[in-house]
Chemist: 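Take this structure, written in structure tokens, and hold onto it; I'll ask about it next.
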Amino acid sequence: MSRQLRAVLLMVLVAACGRGGGYGESPRQMDDACAILKERPQYSRAFRAAERRWGVPTHVQMATIYQESKFDSDARTPYRYTLGIIPMGRQSSAFGYSQALDGTWDEYVAQTGSRRARRDNIHDATDFMGWYMSKSRDELGIQMYDARNQYLAYHEGRSGYRRGTYNNKAWLVRVAGTVESRAATYQSQLRRCGR
């Protein structure tokens, strides 16, 4: 086998191992829901599957994923530093499209029997999000189309939402408003392109 062919095969193998089931990088036009779904057709299938199974509208899923990971399958929280230079680990265990925490992800896997589910896989991430938001609807009475309150419960956890912990976080209330606005924009765009 030629040296060049071996080098190409090695690069392909390394590239294949580097991706954990997702794209890693975000879509090019994240402000246009139709462009996102055209560029990444498997996103559309994942959003529709979660909507059918759990009832969470596609535009609410998309706005939440945009806020959580900017559609980056490998998204992680930043590192914490001691003395400004010594890395002390990540701020939390949040990972993937949905930025699900380890404990919440484990609860999802146990309750749904999805043992092979991965946070960096769009189908699993949207299913997780649908599962979580359906529990928020059942336990807190938050409607599935209410992107603002679904996001607050998603970010703070259902018990935190119940206690109103977000009321002490003006920045989070602003972010939830942004999620609500993005969801409305995505919804009108999706209607325009017939999705």
Side-chain angles (χ1 to χ4, degrees), residues 20-23 26-27 30 33-34 36-38 40-73 75 92-162 166 172 175-191 193-195:
Y23 276 93
S26 303
M30 291 191 297
C34 298
I36 292 169
L37 299 182
K38 185 175 181 182
R40 308 271 170 89
Q42 71 283 10
Y43 284 12
S44 183
R45 289 188 295 273
F47 293 134
R48 280 196 311 258
E51 186 169 6
R52 277 192 307 273
R53 183 173 185 190
W54 303 106
V56 181
T58 295
H59 62 280
V60 173
Q61 295 176 61
M62 290 182 77
T64 304
I65 286 179
Y66 175 90
Q67 183 59 46
E68 290 297 288
S69 67
K70 305 291 188 279
F71 295 94
D72 179 354
S73 66
S92 78
S93 63
F95 172 69
Y97 288 109
S98 61
Q99 288 295 284
L101 298 170
D102 288 350
T104 313
W105 186 262
D106 292 344
E107 181 184 346
Y108 159 74
V109 168
Q111 287 188 12
T112 61
S114 304
R115 287 177 186 71
R116 292 185 176 186
R118 296 167 52 136
R119 291 180 275 186
D120 58 357
N121 179 297
I122 190 67
H123 293 278
D124 297 332
T126 56
D127 193 66
F128 165 82
M129 188 174 291
W131 167 82
Y132 194 90
M133 290 181 175
S134 71
K135 288 194 159 296
S136 295
R137 176 197 58 212
D138 297 345
E139 293 177 24
L140 304 170
I142 303 172
Q143 297 302 312
M144 293 300 216
Y145 56 80
D146 184 350
R148 179 186 181 279
N149 286 300
Q150 281 287 359
Y151 182 75
L152 288 171
Y154 192 82
H155 188 277
E156 294 296 278
R158 287 183 292 276
S159 57
Y161 180 88
R162 196 176 286 113
Y166 56 89
L172 179 57
V175 167
T178 302
V179 170
E180 179 179 44
S181 175
R182 181 169 296 277
T185 300
Y186 280 166
Q187 182 179 30
S188 66
Q189 291 170 345
L190 291 169
R191 284 183 183 142
C193 65
R195 294 193 187 237

Chemist: Can you give me the closest heavy-atom contact between Ile142 and Asn149, atom names plus distance?
Modeler: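 Shortest heavy-atom separation between Ile142 and Asn149 comes out as CD1-O, 3.6 Å.
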Chemist: From Met30 CE over to Ile65 CD1, what is the distance, rounded to the nearest 0.5 angstrom?
Modeler: 12.5 Å
Chemist: How far does CE of Met133 sit from CG of Asp146, to the nearest 0.5 angstrom?
Modeler: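 Result: 10.0 Å between the selected atoms.
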Chemist: Is any side-chain heavy atom of Glu68 less than 4.5 Å from a side-chain heavy atom of Met129?
Modeler: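 They are not in contact (no side-chain heavy atoms under 4.5 Å apart), so the answer is no.
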Chemist: Heavy-atom distance under 4.5 Å between the side chains of Tyr97 and Asp72, does that happen here?
Modeler: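 No; the side chains remain at least 4.5 Å from each other.
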Chemist: Please determine which of Tyr151, Trp105, Tyr154, Tyr161 meets the ring-ring contact (aromatic ring centres under 6.0 Å, His included) test together with Tyr132.
Modeler: Tyr154
Chemist: Quick one, Ile36 with Tyr66, criterion side-chain contact (heavy atoms from CB on, under 4.5 Å). Give me CA distance, side-chain angles, the key distance, then yes/no.
Modeler: CA-CA 11 Å; Ile36 292 169; Tyr66 175 90; over 6 Å; no
Chemist: Which heavy atom of Arg119 sits nearest to which heavy atom of Ala125, and what is that distance?
Modeler: O-CB, 3.9 Å
Chemist: When rounded to the nearest 0.5 angstrom, what distance separates CD in Gln111 from CG in Asp106?
Modeler: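 Gln111 CD to Asp106 CG: 11.5 Å, rounded to 0.5 Å.
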Chemist: Is the shortest side-chain heavy-atom distance between Tyr186 and Val60 below 4.5 Å?
Modeler: no
Chemist: State, with a plain yes or no, whether a side-chain heavy atom of Arg137 is found less than 4.5 Å away from one of Val56.
Modeler: no
Chemist: Is there side-chain contact between Gln150 and Thr64, with at least one heavy-atom pair below 4.5 Å?
Modeler: no
Chemist: Write down the atom of Thr126, the atom of Ala46, and the distance for their closest heavy-atom approach.
Modeler: OG1-O, 3.3 Å
Chemist: Quick one: does Met62's side chain get under 4.5 Å of Leu190's, heavy atoms only?
Modeler: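 The answer is yes; the side chains approach within 4.5 Å.
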Chemist: Over all heavy atoms of both residues, which pair between Met144 and Ser134 is shortest? Give the atoms and the distance, please.
Modeler: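 Looking at all heavy atoms of both residues, the shortest contact is CE-CA, 3.3 Å.
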Chemist: Rounded to the nearest 0.5 Å, what separation is found between the NZ atom of Lys135 and the CG atom of Leu140?
Modeler: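 Separation between the atoms: 11.0 Å.
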Chemist: Can you tell me if Ser26 uses its side chain to pair, donor with acceptor, with the backbone of Lys70 under 3.5 Å?
Modeler: yes
Chemist: What I'd like to find out is whether the side chain of Arg182 reaches to under 4.5 Å of the side chain of Gln67, using heavy atoms alone.
Modeler: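 With C-beta onward as the side chain, the pair stays apart.
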Chemist: Considering non-hydrogen atoms only, spot the tightest contact between Val109 and Arg115 and give its length.
Modeler: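 Minimum heavy-atom separation between Val109 and Arg115: CG1-CA, 3.8 Å.
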Chemist: Out of curiosity, Arg191 CZ to Gln189 CD, how far, rounded to the nearest 0.5 Å?
Modeler: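 CD of Gln189 is found 12.0 Å from CZ of Arg191.
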Chemist: Are Asp120 and Arg118 close enough for a salt bridge, meaning some N to O gap below 4.0 Å?
Modeler: yes
Chemist: If you take all heavy atoms of Ala63 and Val179, which pair is closest and at what distance?
Modeler: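 In terms of heavy atoms, the two residues are closest at CB-O, 3.6 Å.
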Chemist: Assess, by modelled atom type and distance only, whether the side chains of Arg48 and Ser44 contain a donor and an acceptor separated by less than 3.5 Å.
Modeler: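 Present: a donor and an acceptor within the cut-off.
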Chemist: Any side-chain heavy atom of Tyr43 within less than 4.5 Å of one from Phe71?
Modeler: yes
Chemist: Checking Asp127 against Tyr108: is there a side-chain donor and acceptor pair closer than 3.5 Å?
Modeler: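 Tyr108 vs Asp127: donor-acceptor pair found between side chains.
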Chemist: Working to the nearest 0.5 Å, report the span between CD of Glu51 and CD of Gln61.
Modeler: 6.5 Å
